[in-house]
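For reference, the structure discussed in these notes is given below.
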Amino acid sequence: MKLLYTTSKLGIGGRMYQPKRVLQEPGTAVPEKIRSISGANKRRHSSDSESEPEGESSCSEEEKKEEKQEIEKLSSTNVNCAGKPEEDTKKPVVSQQAAPAVSSKPSCKPAVFVPVDRSPEIQEARLKLPILAEEQVIMEAINENPIVVICGETGSGKTTQVPQFLYEAGYTSSNGIIGITEPRRVAAVSMSQRVAKEMNLSHRVVSYQIRYEGNVTDETQIKFMTDGVLLKEVQKDFLLLKYKVIIIDEAHERSMYTDILIGLLSRIVPLREKKGLPLKLIIMSATLRVEDFTENTRLFAVTPPVLQVDARQFPVTVHFNKKTPLDDYSGECFRKVCKIHRMLPSGGILVFLTGQAEVHSLCRRLRKAFPFQKNSTAGDDDDRKESVEEMRKFKKSRRRRKAATLPQINLDNYAVVPVDEGDEDRDAETDDDIAGSDVDLDLGDGDSEEEEKSDSSLPLYVLPLYSLLAPEKQAKVFRPPPPGTRLCVVATNVAETSLTIPGIKYVVDCGKVKKRFYDKITGVSSFRVTWISQASANQRAGRAGRTEPGHCYRLYSSAVFMDFEKFSAPEITKRPVEDLILQMKALNIEKVINFPFPTPPPAEALAAAEELLIALGALKEPPMTGRLKEQQAAKLSCPISPLGRVMATFPVAPRYAKMLALSRQHDCLPYTITIVSAMTVRELFEEFDRPAASEEETVKLKGKKGRLVQMQRIWAGQGSLQKLGDLMVMLGAVGACEYSGCTPKFCEENGLRYKAMLEIRRLRGQLTTAVNSVCTDAGLYVDPKMKPPTEAQATYLRQIVLAGLGDHLARRVQAEELLDDKWKNAYKTALLDDPVFIHPSSVLFKQLPDFVVYQEIVETTKLYMKDRVSWQLPAVEVDYPEGIDRYKYFARFLLEGKVIEKLGSYSQCLLSSPLIMLKTWSKLQPRTEFLLQALVAENCDNRDALLAAWKKNPKYLLAAYCQWIPEVMQEDIAKQWPPVAL
DNA sequence: GAGCACTGC
């Protein structure tokens with residue numbers, strides 16, 4: 001325990017640290033800062049690191065070979081060999097004290113102190129951060145351990161300060177970089193800007209890199225980036241040699257890339273140690289739930305030490321409801337906000353709901369209850385200010401009277417309450433931070449009728465907030481509300497982590513969240529509203545204590561809260577993982593199942609991913625020989641194919657990467673790039689079906705909706721372009737938008753989401769670059785005046801799309817198969833027994849083509865297919881049936897002209913549709929039987945067999961075929977029979 | 001004839 005509390009001076013220049021003890025007095029029971037140093041890695045690697053010069057590595061061929069072997073070991077079963085002998089890891093903690101390693105063996109710790117010239121204001125602000133008092137402890141732990149976990153909640157300053165500690169301790173001298181990963185782009189950008197400012201350094205030194213942009217230079221020493229960026233870098237340089245330190249921030253969020261990075265780094269760190277170029281790994285988490293990292297011996301053979309730092313947060317009093325509303329949590333939110341607004345002192349309110357529609361309808365209700373007449377220039381009106389302020393004062397006095405009496409007549413305040421509820425009431429009293437407040441902040445959870453009445457004397461400034469909301473509308477929540485009003489933000493989960501709203505004092509938490517679920521077998525996704533986790537609830541509550549002490553009203557009982565899961569499941573366990581698996585295979589990790597995941601994905605998900613990648617040709621097919629068991633084993637460890645390597649370089653889902661890889665032909669690349677970009681970016685079109693804020697808005701929304709539908713019909717094109725279905729709509733929309741300069745005005749007028757269009761533009765740019773670097777002679781560029789594809793190209797594009805979505809083919813259920821009404825207008829897919837449908841928003845909704853290819857199936861009221869391409873003809877990829885059906889299909893293709901090109905010219909004149917070959921009642925037409933018998937007689941179920949039969953007998957099939965042709969044409973056909981050159 | 005939270009390359 002004590003080891004890391006040593007006050008010994010560190011060899012980093014003249015800098016002195018305050019002894020820890022002083023800071024932690026007065027002798028209260030200081031919480032353990034170091035939760036676990038058992039087995040902290042005490043084996044010094046001095047011999048390696050001292051003898052070899054730092055920063056220089058001559059990479060001989062042998063070393064490269066060794067590296068490759070080590071990398072391959074990642075996929076071997078022997079994951080425990082992280083390069084440390086067993087006995088060392090078991091050394092008791094005491095023995096470490098006996099060997100004060102810090103002074104005797106400096107190991108990889110840089111002995112430098114780099115001065116930083118901070119402004120006095122910054123310096124002052126920094127000193128208020130609790131983490132600053134921990135600098136010495138943190139740096140000692142980092143110096144002595146290759147891997148350290150730091151826990152500290154939001155407000156601890158760990159993200160901004162730890163990189164500075166490392167910089168000052170010389171970790172960036174000798175050309176090393178400190179890399180920090182963030183799960184979100186905004187965080188990477190804003191953190192880099194803040195740290196640059198705090199350190200008084202240029203953006204050339206403290207930089208960021210996100211998907212489409214960055215300001216990294218040769219001088220960069222501290223680099224903030226998104227986790228995906230670092231994962232891509234591992235692909236180029238497995239050992240991440242330019243980094244001296246990697247910090248994984250927000251590891252508790254358990255984003256997919258973060259998890260993979262931690263798994264990879266657990267192997268990279270010992271590899272770097274071995275090379276004499278040690279890399280430090282720092283995992284930062286907001287919660288103390290880090291066992292998945294620390295107690296996972298597959299991940300880290302030696303348990304890394306865990307440091308805990310305090311956060312500077314204001315206290316938040318949590319109030320539970322006594323009753324948990326069964327389903328109307330939205331209504332309960334309304335009532336709670338009304339009470340807060342009427343009875344409690346000023347301060348912003350933040351409400352958590354689950355979706356756009358809910359957000360808008362609550363906004364509408366609240367605005368109705370507390371109208372706020374905004375003038376043309378909302379809120380900046382000084383004339384009004386006074387009167388509003390006066391009104392407010394008046395209201396305040398009235399409210400006080402009310403507040404003093406209301407809680408006492410709360411009918412829900414029974415004398416007999418369950419124990420915990422009683423406690424909650426006490427919490428509210430004792431924790432009440434507003435001295436002299438005369439209001440009971442525990443509002444109870446009763447209904448009361450009067451709240452529905454409109455009260456314009458108490459203006460509430462109500463704003464919606466969700467991710468898909470236009471940025472300028474989102475930005476409103478960051479500005480102070482108009483004078484005399486109270487801010488009330490009704491938000492989805494964005495407000496939980498991604499966006500922090502200033503001035504929030506009250507949080508209303510419905511306890512629910514809308515999540516996407518995937519069926520592991522069928523891949524069908526659905527959205528469900530579930531209870532949040534305890535960690536989530538606490539995160540939401542924390543949003544009330546950013547600027548002053550706050551209150552959180554949970555619309556569920558504490559008993560229900562106790563039943564919540566402690567933490568939500570890591571993303572990697574809940575999602576299809578084909579993209580990850582491809583990335584890993586590209587790193588030569590073949591036995592993915594043995595990868596040291598902090599939490600592994602379910603076996604079904606791994607198998608499904610592997611299967612899809614094999615089908616796409618990204619992995620080499622497993623051998624079909626040998627024992628079943630071996631075959632099964634081989635199936636889960638297929639090596640990557642050359643195609644797979646190309647696909648892995650494209651930063652999109654493997655399905656789309658396959659489409660790109662195929663599009664060299666017929667100048668389709670620019671179109672495929674655009675289609676893939678549009679399919680990757682979510683929600684191209686504005687949502688107009690939501691509840692409106694007012695009657696006039698309802699009318700406005702309707703108008704916009706109509707305009708969009710009209711435009712979509714235009715974008716859908718004509719002829720074979722139309723068969724590209726919804727993808728043509730996307731292509732047309734993007735094309736039109738770019739043609740007009742991609743202006744916010746154009747988007748606004750045509751129902752396009754401006755943000756989505758920008759993202760598509762940037763993704764097109766990135767994919768174009770990626771394709772150009774694979775096909776060096778492609779010479780592609782992003783053309784803002786891209787013409788629509790030609791008819792022929794549109795047909796190729798359909799095939800290209802099908803190549804990526806081959807398993808997403810749905811067949812229209814024919815009238816004669818209509819056994820049940822539920823199959824009306826339905827489609828059948830390979831994997832699902834249930835009918836699936838074309839979504840009413842599709843341009844193909846009324847068209848009902850025989851075959852469609854879909855992007856995904858989402859289950860709502862029915863199973864709906866999203867973003868379809870139409871197929872009038874069955875695709876060749878369809879499994880060829882066995883038995884008599886083989887001949888039926890072959891007959892059909894033959895008649896359609898798919899087998900023999902020349903017969904195609906007659907396909908329009910046929911007396912019956914080739915499709916009837918497949919009908920159950922086909923026998924009713926003699927010509928079907930006749931043709932079928934002729935084919936069966938010669939075993940003709942493929943083109944080669946047909947050609948062979950013609951060689952034997954040139955008049956073969958003529959009679960049977962003529963039955964399908966009008967008499968006038970029969971003579972002509974007979975002359976040219978057989979319709980091929982033999 | 002509809003109703004999708006959030007995020008990264």
Side-chain angles (χ1 to χ4, degrees), chain A residues 181-188 209-214 225-236 250 253-261 352-361 465-469 491-499 510 512-517 525-530 532 536 568 571-572 574-575 579-580 582-583 586 647-654 656-657 676-677 680-685 687-691 705 709 759 762-763 766-767 769-770 824-825 837-842 845-846 848 856-867:
Chain A
T181 72
E182 296 290 333
R184 280 169 292 280
R185 292 180 199 158
V186 269
Q209 179 69 53
I210 59 175
R211 183 166 187 158
Y212 306 111
E213 57 177 79
M225 65 199 125
T226 36
D227 46 14
V229 167
L230 187 62
L231 190 60
K232 276 280 164 189
E233 285 186 18
V234 176
Q235 239 175 58
K236 293 189 196 100
E250 313 279 9
E253 287 189 21
R254 304 299 304 272
S255 92
M256 194 160 72
Y257 290 151
T258 288
D259 267 20
I260 295 301
L261 277 173
F352 282 100
L353 279 176
T354 71
Q356 273 186 50
E358 268 172 27
V359 165
H360 281 291
S361 75
L465 182 70
Y466 47 86
S467 169
L468 287 175
L469 192 69
T492 61
N493 237 13
V494 254
E496 193 179 302
T497 49
S498 305
L499 298 170
C510 75
K512 305 276 184 154
V513 69
K514 191 180 283 172
K515 271 193 192 158
R516 188 176 188 142
F517 287 81
S525 53
S526 56
F527 289 83
R528 277 177 244 162
V529 173
T530 64
I532 56 175
S536 228
S568 24
E571 186 190 12
I572 200 169
K574 292 275 157 196
R575 272 182 48 159
D579 47 352
L580 265 196
L582 182 61
Q583 294 304 314
M647 284 166 60
T649 66
F650 299 139
V652 286
Y656 305 151
V676 162
S677 302
T680 300
V681 173
R682 69 167 188 159
E683 309 300 336
L684 271 54
F685 306 108
E687 169 68 52
F688 297 123
D689 292 329
R690 56 178 164 80
K705 170 87 190 173
V709 170
E759 183 81 9
R762 297 200 282 185
L763 187 50
Q766 195 191 24
L767 292 179
T769 311
K824 196 179 165 211
N825 295 338
F837 298 87
I838 294 183
H839 193 271
S841 66
S842 169
F845 179 62
K846 288 189 178 137
L848 295 167
E856 60 170 345
I857 296 180
V858 179
E859 183 172 12
T860 50
T861 49
K862 286 175 177 176
L863 294 164
Y864 281 109
M865 296 177 281
K866 254 198 80 183
D867 299 333

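Only a predicted model underlies this, so the values are computations on that prediction, with no experimental measurement involved. Just so you know, these numbers use all the heavy atoms, side chains as well, and skip hydrogens, waters and symmetry mates. Numbered from 1 within each chain, the chains take letters A, B, ... in sequence-line order.
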Next item on the list: List the protein contact pattern of nucleotides 1-6 of chain B with one symbol per nucleotide (5' to 3'): B for base contact, S for sugar-phosphate-only contact, - for none; contact means a heavy-atom distance under 4.0 Å.
Entry: BBBBBB
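- Once rounded to the nearest 0.5 Å, the distance linking CD1 of Ile532(A) with CZ of Phe352(A) reads 8.5 Å.
- In this structure, CE of Met225(A) is placed 13 Å from C1' of dC9(B), rounded to the nearest angstrom.
- Between Glu233(A) and Lys236(A), none of the side-chain N atoms (NZ, or NE/NH1/NH2) sits under 4.0 Å from a carboxylate O, so this pair counts as no salt bridge.
- Put simply, CD on Gln209(A) is 9 Å from P on dC9(B), counting in whole angstrom units.
- Looking at Ser536(A) and Val513(A), their side chains never come closer than 4.5 Å, going by heavy atoms from C-beta outward.
- Between Asp579(A) atom CG and dT7(B) atom P the separation is 17 Å, expressed in whole Å.
- Counting heavy atoms from C-beta on, the side chains of Glu571(A) and Thr258(A) never come closer than 4.5 Å.
- Looking at heavy-atom distances under 4.0 Å, Arg762(A) makes no contact with the nucleic acid at all.
- In this structure, the CG atom of Leu582(A) is 12 Å from the C1' atom of dC9(B), given to the nearest Å.
- Taking the side chain as every heavy atom from C-beta outward, Ser568(A) and Lys515(A) approach each other to under 4.5 Å.
- Contact of the His360(A) side chain with the Glu687(A) side chain is not registered, since no non-hydrogen atoms from C-beta on lie closer than 4.5 Å.
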